[in-house]
Amino acid sequence: MNAIDFAKAGLNGVPAAQPINHLSLYRLPWNYADNGISWLEPTTKCNLRCEGCYRDLEHPVHKSLDEVRVELELFKRLRTSDCISIAGGDPLVYPEILPLVTMIKEMGWKPIVNTNGVALTPELLRDLKKAGVYGFTFHIDTSQNRPHAKGWSETQLNAVRLQFAEMLAEVGGLSCSFNATVSETSLPELPNLVEWAREHADIVQVMVFIMFRSPSLSGAPDLRVSGRNTALDDIYKESEWGGTKAVFAKDAVAYIRSADPAYAPSAYLNGTASPDSIKWLLANRVVLNGEVMGYTSPRFMELIQTFTHLLTGAYPAYADQRSTSFGKLAAFAGSLVDKKMRGIAGKILASMARNPANIFRAAHMQSIMVIQPINVESDGTADMCDSCPDMTVHEGKLVWSCRTEELKQCGAFLTASTVVRSSLAQE
Ligand code: SF4
């Protein structure tokens with residue numbers, strides 16, 4: 001069954017969730033003070049309305065460049081990171097995006113623009129490149145109702161993804177990633193995205209699948225308030241698109257594997273509730289001429305993270321088109337590390353023997369990432385990403401970017417507890 005057939009049959013033949021043994025993987029060394037990524041939100045304004053977006057889009061605010069500089073200085077003081085993800089809102093509607101990108105570059109980070117892409121034109125892209133942008137993460141999925149793509153399926157949206165990937169490839173030297181929020185309703189199409197990414201491994205460096213969360217799918221639907229009795233769904237909106245069942249990293253793994261049976265993650269970040277709750281799950285594959293040569297090993301990932309940190313002082317999070325095109329070198333050098341990497345090198349040699357044109361083709365490394373944001377355990381514990389890479393600044397403090405709306409609207413993080421549940425029952 002190919003990926004498209006699978007997606008059609010997906011709702012009937014749901015693949016079984018796949019257990020993930022975290023101890024067989026490399027725990028990314030990222031931590032609170034020294035991380036691959038930090039997260040900046042210069043604006044809350046956006047030109048789309050994604051289902052389940054938790055930002056207050058009714059009252060959009062642009063921060064001034066001076067305010068943003070203060071936040072960047074706080075990052076500098078408190079946290080090492082490889083890149084700054086410029087998010088929002090949508091950063092491309094931020095009027096000072098060009099000087100902001102330059103400022104981030106001059107302060108020593110790789111600026112990554114996290115955008116829906118709607119406002120990106122070839123001219124703006126060239127200006128951003130001149131300003132020093134390192135890469136883009138395009139958020140594209142069926143939750144968005146994008147202009148010119150209303151009602152499109154995830155599979156149809158691959159045409160939109162390709163448009164952006166080609167746009168970046170034409171300018172050259174940039175990192176190209178795609179995010180898709182995935183819910184119960186869109187999960188069956190995930191194999192088609194994995195297959196699409198494989199076909200375009202020369203111009204797509206990263207595919208990220210973010211599991212959708214909604215208040216009713218939190219696992220503790222009656223635990224909705226803090227001491228202030230604030231309704232959780234005032235902040236986190238319900239969505240039909242989200243379906244009726246929560247989806248987890250292990251569900252995504254099952255669907256990814258149905259498109260690519262060789263899929264094998266190498267690294268992870270655990271949750272704060274338990275060492276074996278997977279929050280970030282990272283896999284890297286080597287693709288030559290459209291064929292997957294294999295997935296890099298946990299030890300190889302350890303080598304890359306450690307070696308880069310020794311060299312640059314930061315753990316790497318993003319790589320550009322040029323660096324990811326050294327898949328052959330990575331496989332052959334990785335052969336010194338372990339059997340798994342020798343397997344990839346062997347497959348590359350066999351493929352070159354079968355098709356000598358492959359001798360001259362680059363093998364591309366491509367990452368597939370699964371992110372499972374906060375979920376609430378039945379005892380009310382919020383399971384967050386341990387060593388959260390997406391920490392942002394709110395009122396002079398580092399906070400989880402996925403929960404700043406709680407601070408903005410309630411002045412404190414919401415908490416859930418069985419005590420609160422019983423007090424609710426009495427109301
Ligand atoms: S804790 Fe929240 S902000 Fe941090 S990485 Fe996880 S989902 Fe993102």
Side-chain angles (χ1 to χ4, degrees), residues 20 22 27-42 44 50-56 71 74-75 78-89 91 112 114 137 139 141 143 177-183 206 208-215 217-219 232 235-237 242 246-249 252 265 267-282 315 317-318 367 369-377 381-395 397-409 412-416:
I20 303 154
H22 67 295
R27 194 339 183 138
L28 286 169
W30 301 0
N31 59 63
Y32 201 0
D34 191 356
N35 209 296
I37 305 170
S38 292
W39 187 270
L40 184 77
E41 296 189 2
T44 56
C50 305
E51 299 275 349
C53 176
Y54 39 77
R55 285 290 170 268
D56 175 10
E71 295 191 359
L74 188 90
F75 278 133
L78 293 180
R79 186 168 158 109
T80 300
S81 50
D82 176 48
C83 68
I84 297 284
S85 288
I86 312 170
I112 306 289
N114 284 34
T137 296
H139 180 197
D141 61 43
S143 76
S177 307
F178 291 94
N179 272 351
T181 307
V182 179
S183 75
V206 187
V208 185
F209 302 116
I210 303 168
M211 302 299 102
F212 177 71
R213 65 187 168 123
S214 88
L217 301 178
S218 66
L232 189 59
I235 300 172
Y236 301 108
K237 308 286 181 247
V247 286
F248 294 95
Y268 73 103
L269 287 180
N270 54 286
T272 51
S274 170
D276 67 352
S277 80
I278 299 286
K279 288 292 172 179
W280 283 48
L281 188 63
L282 176 62
Y315 292 116
Y318 282 87
S367 302
M369 174 85 92
V370 178
I371 298 179
Q372 188 183 310
I374 175 177
N375 59 285
V376 181
E377 302 283 298
T381 308
D383 194 13
M384 306 296 295
C385 308
D386 193 22
S387 315
C388 165
D390 296 344
M391 278 283 173
T392 195
V393 178
H394 178 76
E395 293 182 351
K397 283 189 179 152
L398 292 186
V399 299
W400 301 296
S401 59
C402 65
R403 298 185 63 185
T404 49
E405 220 51 54
E406 295 171 28
L407 296 176
K408 287 180 191 167
Q409 294 191 34
F413 287 121
L414 302 186
T415 52

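For reference, positions follow the sequence shown, starting with 1. Ligands are counted one by one from 1 in listed order, and the atoms in each one are counted from 1 as well. Only heavy atoms go into these numbers, but all of them, side chains included; no hydrogens, no water, no symmetry mates.
In terms of modelled atom types and a separation under 3.5 Å, the side chain of T392 and the main chain of W39 share a donor-acceptor contact. Counting only distance, with no hydrogens or angles, the side chain of K279 and the backbone of I371 share no donor-acceptor pair below 3.5 Å.
Aromatic ring pairs are classed by plane angle as parallel below 30°, tilted from 30° to 60° and perpendicular above 60°; the pair F413 and W400 is tilted.
In this structure, I86 and N114 have side chains that are not in contact, with every pair of non-hydrogen atoms separated by 4.5 Å or more. Side-chain contact between D383 and S274: absent, with no pair of heavy atoms (C-beta onward) separated by less than 4.5 Å.
When each of T272, N270, N31 is checked for a side-chain hydrogen bond (donor to acceptor under 3.5 Å, both in side chains) with D386, only N270 meets the rule.
Shown are the protein N/O/S atoms under 2.8 Å from atom 4 (Fe) of ligand 1, given by residue and atom: C388 SG.
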